[in-house]
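First up is the structure itself, then whatever we jot down about it.
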Amino acid sequence: MALIRAEQLVKTYRAGEVDVPAIRGVDFTIDAKSFVVFVGPSGSGKTTLLNMIGCLDHPTSGRLTVIDTDVSTLDRTAAANFRGRHIGFIFQDFNLVPVLTVYENIEYPLIMVQDWPPAKRRAQVMRLIDAVGMSGQEHKRPDQISGGQKQRVAVARALATNPHLVLADEPTANLDHDTAYRIINLMKKMRDELGTTFVFSTHDPKIMAEAEVVYTLEDGRLREAETAKPKVVAHA
Ligand code: ADP
Ligand code: MG
């Protein structure tokens, strides 16, 4: 089943008097529970595309369907509600709240985005802290942990509300290669355990090799999808 479908998707920015084409008519589908990467050099349109999928920005034309919803036409409030219900975000600079502990950073969306009761909140946060390998570190603040640990916390925070989809724009750009590799594999493990669809971007070819489906962007256009590693198909 397609979780995301883009049809002739176009995004053109207006910069003063000039039009800057960022996405020039792309078509793709992303299946539920898949692990997909968009690769391409700086300026190829990765952030623009992820922002549209994440309902942070509108397409200029074309159609974009995310979880059975035509998101190209959502207004600000509807987009915010849609994000809060269905999508988690991971950022390249981690974006943890510096005055909150690891525990509180992961709990944050369960208070501010969705209104979970305290006992259910606690169980979810502790489960995720364990899942991302941060047990025993929950009372530390972001400045007391490493970059890789910060990104582990950000992965847990993105998963807190049990979203269908997690979007990660260059989540490994500020990490050394070994740490980056571990974060990608943590994301994949969470996909395997929870069935969450992960879509991320990178310009690092080594990181890209860890994805199952690779979409290559070049100057706002998409090359044919490559399946990096064949999925194992279960037979009844
Ligand atoms: P990437 O994430 O792959 O580096 P971007 O999506 O950020 O690519 O950018 C794609 C193109 O759109 C680039 O030419 C960039 O300069 C342009 N662009 C991105 N954001 C804006 C903006 N807010 N206003 C004008 N041009 C933009
Ligand atoms: Mg970018």
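Note that ligands are numbered from 1 as they come in the structure, with each ligand's atoms numbered from 1 the same way.
When hydrogens are left out, the protein atom nearest atom 8 (O) of ligand 1 is G45 N, 3.1 Å; that is the closest non-hydrogen contact. Regarding atom 16 (O) of ligand 1, its nearest protein heavy-atom neighbour is V20 CG1, 4.8 Å. In terms of protein heavy-atom proximity, atom 27 (C) of ligand 1 is nearest to Y13 CD1, 3.2 Å. Ranking protein heavy atoms by distance to atom 7 (O) of ligand 1, first place goes to T47 CB, 3.8 Å.
At least one N, O or S atom of T47 sits under 2.8 Å from the Mg ion (ligand 2).
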| task | List the steps, then state whether side chain to side chain donor-acceptor pair (under 3.5 Å) holds for T47 with D169. | result | CA-CA 6 Å; T47 296; D169 192 8; 2.7 Å; yes
| Derivation of the side chain to side chain contact (heavy atoms under 4.5 Å, CB included) call for I184 and F35 | CA-CA 10 Å; I184 294 301; F35 196 73; 3.9 Å; yes
| said: If you apply the rule side chain to side chain contact (heavy atoms under 4.5 Å, CB included), what do you find for Q151 with I90, and how did you get there? | reply: CA-CA 8 Å; Q151 203 57 311; I90 299 168; 3.6 Å; yes
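Looking at ligand 1, you'll find an N or O of G43 within less than 3.5 Å of one of its N or O atoms. The shortest N/O to N/O separation between T48 and ligand 1 falls below 3.5 Å.
Contacts between S201 and ligand 1 below 4.0 angstrom, taking non-hydrogen atoms only, are absent altogether.
Ion pairing of E193 with R127 is absent here, as no side-chain N (NZ or NE/NH1/NH2) approaches a carboxylate O to less than 4.0 Å.
Between atom CE of residue M187 and atom CG of residue L159 there is a gap of 9.5 Å, rounded to the nearest 0.5 Å. From I23, atom CD1 reaches atom OG of S44 across 7.5 Å, with rounding to the nearest 0.5 Å.
Ligand 1 lies nowhere less than 4.0 angstrom from a heavy atom belonging to G40.
Y181 and H177 have tilted rings, their planes meeting at an angle from 30° to 60° on a 0 to 90° scale. A perpendicular orientation is assigned to the rings of F28 and F38, their planes being inclined by more than 60° (bins at 30° and 60°).
In summary, the atoms of ligand 1 found under 4.0 Å from a heavy atom of A22, numbered by their order in the structure, are 10 (C), 11 (C), 12 (O). When each atom of ligand 1 is checked for a heavy atom of P41 under 4.0 Å away, the hits are 3 (O).
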